[in-house]
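Counting begins at 1 with the first residue of the sequence. When a ligand or atom number is given, it counts from 1 through the structure's own listing order.
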Amino acid sequence: MNSEFVEIPSLMPVPDIFSCKRVLAIQAHYDDTDIAVGGLIAQLVKNGAEVFYVTVTDDLAGVTDLTLSKETAASRLRNEAEKAAQILGVLGIYYLNYPDAGDWSVYQARRDLITVVRQFQPDGVIALDPWLNTEAHADHYKSGFAAVEAAILADVLGVEGTDLQIPQEFHAKQKQEIKAVGLFNSSHANVFVDIDQVLETKLAAVSQYVSQFSDESMAGMLQALPKRSQYFAGIGHASNKLSKDVTYAECLKVLSTDALHAAR
Ligand SMILES: [Zn+2]
């Protein structure tokens with residue numbers, strides 16, 4: 001008897017992330033989204049979507065210049081993130097300021113994110129895949145988990161948020177449903193995004209993040225990202241999920257909120 005496990009495909013339809021017009025990208029660190037899916041973000045903005053970011057940690061652990069005061073380091077990080085956001089067309093960044101690589105509570109972050117989602121009213125959420133099967137950085141899987149749980153619980157009014165004072169610029173004019181949740185850094189991608197037209201924009205955004213990379217490692221990353229995008233495009237071609245004439249791609253796992261709660 002063959003005792004190997006069989007992967008059961010999901011019956012839930014894959015929503016179109018590009019149908020989303022108000023997207024909240026939730027990340028652990030200031031550069032996570034742009035490095036993984038900055039091309040997707042640029043493409044969403046080109047398609048007319050409003051995109052905002054929430055960065056869960058204060059990101060201070062990764063600053064390479066240890067002589068900087070916390071205040072100076074924090075202001076440089078924000079400055080770099082704002083320049084990258086401007087390049088991609090991201091409208092704003094909200095910081096939860098949990099300690100980078102520290103002992104913070106996923107439950108508390110989830111409560112904060114529920115408040116953010118309730119006020120921001122996104123129709124699309126982008127987050128780190130908390131189920132990446134080799135992720136060792138707790139900030140990544142905790143942020144991802146807090147994000148997906150906030151996405152499914154924000155409209156359950158019996159679940160408490162927090163009393164965060166979210167700036168007015170983040171507030172929505174109308175209530176909407178989350179149509180798609182896109183998880184990046186995923187082991188199980190189901191969507192491949194053509195980034196041929198926005199690769200240079202993505203690289204320009206990523207190159208702003210100088211506080212956390214030496215010149216050498218930044219140069220290495222800017223060389224590696226196009227190669228990684230070609231590799232993803234190859235997987236997209238082989239799985240018939242991407243047109244063969246696309247050279248550079250990003251990939252993510254896109255689900256409906258229904259698919260994130262027991263349903264398959
Ligand atoms: Zn990170």
Worksheet item: Is the Zn ion (ligand 1) under 2.8 Å from any N, O or S atom of His137?
Response: no
Worksheet entry | Contact flag Asp31/the Zn ion (ligand 1), N/O/S atoms, threshold under 2.8 Å | no
Atom name of the N, O or S atom in [X] that lies nearest to the Zn ion (ligand 1):
X	result
Asp32	OD1
His140	NE2
His29	ND1

Worksheet item: Measuring from Arg118:CZ to Lys175:NZ, what's the distance to the nearest 0.5 Å?
Response: 9.0 Å
Worksheet item: With a cut-off of 6.0 Å (strictly less than), are more than 12 heavy atoms of other residues, nucleotides or ligands near CZ of Arg76?
Response: no
Worksheet item: Are Ile87 and Val210 connected in the hydrophobic side-chain network, where two residues link if heavy atoms are under 4.5 Å apart?
Response: no
Practice prompt. Flag the pair Phe192 / Phe232 as yes when their ring centroid distance falls below 6.0 Å, and as no otherwise.
Written response: no
Item to complete: Could you tell me whether Tyr94 and Tyr53 have their ring centroids closer than 6.0 angstrom?
Response: no
